[in-house]
Protein chains: 2
Amino acid sequence: MAAKTDDSGPVLPASIESAWGLRERPPKGPRPGMSVPAIVDAAVRVADADGLAAVSMSRVAKELGAATMALYRYVGSKDELLMLMVDTGYGPSPGPPAPEDDWRAGLTRWAWAEHEVLRQRSWLLHVPISGPPITPQQLGWMEDGLRCLDGTTLGEGEKMSVLLLITGYVRNEATLTSQIAEGSRAAGVDPSEMMPAYGRLVARLIDPARFPALHRVLSAGVLYQDDDPDDEFVFGLDRILDGVEALIQRRAG
Amino acid sequence: MAAKTDDSGPVLPASIESAWGLRERPPKGPRPGMSVPAIVDAAVRVADADGLAAVSMSRVAKELGAATMALYRYVGSKDELLMLMVDTGYGPSPGPPAPEDDWRAGLTRWAWAEHEVLRQRSWLLHVPISGPPITPQQLGWMEDGLRCLDGTTLGEGEKMSVLLLITGYVRNEATLTSQIAEGSRAAGVDPSEMMPAYGRLVARLIDPARFPALHRVLSAGVLYQDDDPDDEFVFGLDRILDGVEALIQRRAG
DNA sequence: CTAGTTCTGCGTATGGTCTACGCATAACAG
DNA sequence: CTGTTATGCGTAGACCATACGCAGAACTAG
């Protein structure tokens with residue numbers, strides 16, 4: 001007999017489907033000794049402690065007192081595990097915007113929430129993302145962001161684009177600051193000395209005649225000071241939100 | 001006797017220094033059979049053909065008809081090779097803005113130039129960047145971007161922040177579109193069918209009561225259509241430049 | 001109660017990665 | 001000619017993901 005056809009196109013990995021609460025366990029066979037959430041939690045624990053590079057299948061298995069190959073009964077591949085790690089690593093979305101917030105306050109809060117997550121779990125930035133979000137909590141974040149733009153003059157497509165713009169900005173900013181942190185740790189330099197050292201290095205390398213504008217920036221001492229990363233974050237975010245505001249005004253006519 | 005002290009702080013890898021034209025070859029010993037540029041070119045060729053994942057030391061060596069370990073006489077590590085690959089992969093910077101361009105036209109051109117490079121060499125996005133740019137051509141790009149903002153009311157630090165904002169945006173946008181391309185190739189789906197398939201998948205997964213805003217986006221058909229990626233790129237870029245413009249106006253006022 | 005089915009846990013093995021180390025040799029300086 | 005120094009590169013070690021297959025557990029059908 002013909003199975004009920006699944007016309008939904010792309011096939012979801014089994015572990016992702018179970019994250020959505022679909023697909024119950026078949027009643028046959030021995031009872032599982034582990035669970036997908038337990039594995040993912042262990043992997044997240046490893047990443048929190050020793051970084052994403054330390055997350056290998058054998059290391060995660062050791063964390064659980066299990067054999068390496070046992071994990072493959074629960075996740076189809078390491079990439080699948082990584083996807084699930086991202087989902088729980090981000091954690092639950094910050095929730096819908098407060099009623100008294102306008103769109104700008106809401107999105108600012110939303111951006112800061114992601115900023116905070118990425119500051120605390122910088123390994124999330126190192127996970128090679130392999131497609132648009134399909135896990136429950138990731139879509140939860142998206143939902144909360146969209147709600148901030150409810151009641152604006154923007155079209156649905158524009159709302160999506162704005163969210164993409166902001167989340168991309170947050171990720172990018174977090175990547176840069178985490179690189180400075182990791183670089184200073186690798187070089188054994190004090191983090192506050194990292195940017196000044198970089199400035200001196202560039203000053204030594206460049207020829208002022210070939211790089212006049214860059215030379216001017218260096219002369220202004222921009223790279224030498226160790227400014228508050230939060231200020232830098234706020235600067236870019238405000239620029240983007242200004243741009244969004246201009247669009248909203250224009251749409252309002 | 002005391003060597004001439006190098007008070008410049010961080011030590012540059014040897015291969016990077018030679019990319020700046022410093023450090024000439026010592027006259028002793030057998031003549032080298034290869035050169036750093038030849039190795040980097042071969043690595044770039046491999047990445048262009050088969051992606052960054054195909055770039056292993058042995059594969060690059062095979063490309064050159066050399067033994068794997070021979071490469072380590074020229075580059076200190078694979079990471080160093082990757083850094084040099086990024087430098088030549090981006091290629092020479094697009095050049096200073098045309099005299100008739102105002103800052104906005106100049107930055108637009110600048111952003112499109114990077115966009116174009118990343119579209120053609122999407123492996124650049126997969127290179128884990130490990131710090132601020134220190135190679136000649138990378139700093140050349142920075143120089144050209146800074147020149148676009150010459151004559152504006154912005155401070156030197158603000159110019160730098162604006163550049164970071166834009167280059168981050170371009171990278172992010174390129175990452176998203178290349179993920180769609182790679183995802184569709186991996187799934188054997190036509191690229192134009194990728195976003196519609198994603199839309200159907202999300203529609204199947206979410207509960208409209210839990211995800212009302214997302215559901216509304218889907219109902220509007222936003223994810224189903226396969227819109228021109230360039231339009232999406234222009235949208236975000238214009239938002240950011242609007243934000244920069246607002247700042248310039250404010251500083252001028 | 002028994003036989004069949006299906007699932008779990010996991011040992012083994014393959015083929016890939018980067019790179020530390022050390023040796024033979026080639027080219028130069030004095 | 002001798003000593004110094006650099007190169008080319010073979011060997012080997014320490015990882016990695018994962019394909020495959022087997023033993024046994026837990027359920028269902030008869």
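Computed from a predicted structure; not experimentally measured. Each chain gets a letter, A, B and so on, in the order the sequences are listed, and its residues count up from 1.
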**Item:** Euclidean distance, atom CG of residue B:L52 to atom C1' of C:dT17 [Å, nearest integer]
**Value:** 14 Å
**Prompt:** With a 4.5 Å heavy-atom cut-off, do B:I134 and B:L139 have their side chains touching?
**Reply:** no
**B:E116/B:R119 ion pair, N-O < 4.0 Å** = yes
**Min side-chain heavy-atom separation B:Q138-B:E143 under 4.5 Å** = no
**Item:** Any residue of residues 57-73 of chain A with a heavy atom less than 4.0 Å from an atom of DNA chain D
**Value:** A:M57, A:S58, A:T68, A:M69, A:Y72, A:R73
**Asked** Hey, is the main chain of A:M34 close enough, under 3.5 Å, to the side chain of A:Y74 for a donor-acceptor pair?
**Response** yes
**Request:** Please check if the side chain of A:W110 supplies one atom and the backbone of A:W141 the other of a donor-acceptor pair under 3.5 Å.
**Result:** yes
**Prompt:** Is it the case that A:T167 and A:E114 place a side-chain donor and acceptor less than 3.5 Å from each other?
**Reply:** yes
**Message:** From CG of A:L82 over to P of D:dC16, roughly how many Å is that when rounded to an integer?
**Reply:** 14 Å
Short N/O separations, protein against nucleotides 26-30 of chain C, under 3.5 angstrom:
from   : atom 1 : to    : atom 2 : distance (Å)
C:dC28 : OP1    : B:R31 : NH2    : 2.0

**Asked** Under 30°, 30 to 60°, or over 60°: which ring-plane class applies to A:F233 and A:W112, parallel, tilted or perpendicular?
**Response** perpendicular
**Prompt:** Just how far, in rounded Å, is P of D:dC15 from NZ of B:K78?
**Reply:** 19 Å
**Message:** Is it the case that the side chains of A:T88 and A:Q137 hold a donor-acceptor pair, with the cut-off being a distance below 3.5 Å and no angle test?
**Reply:** no
**Gap between atoms CG and P, on B:D79 and C:dT17 respectively (whole Å)** = 16 Å
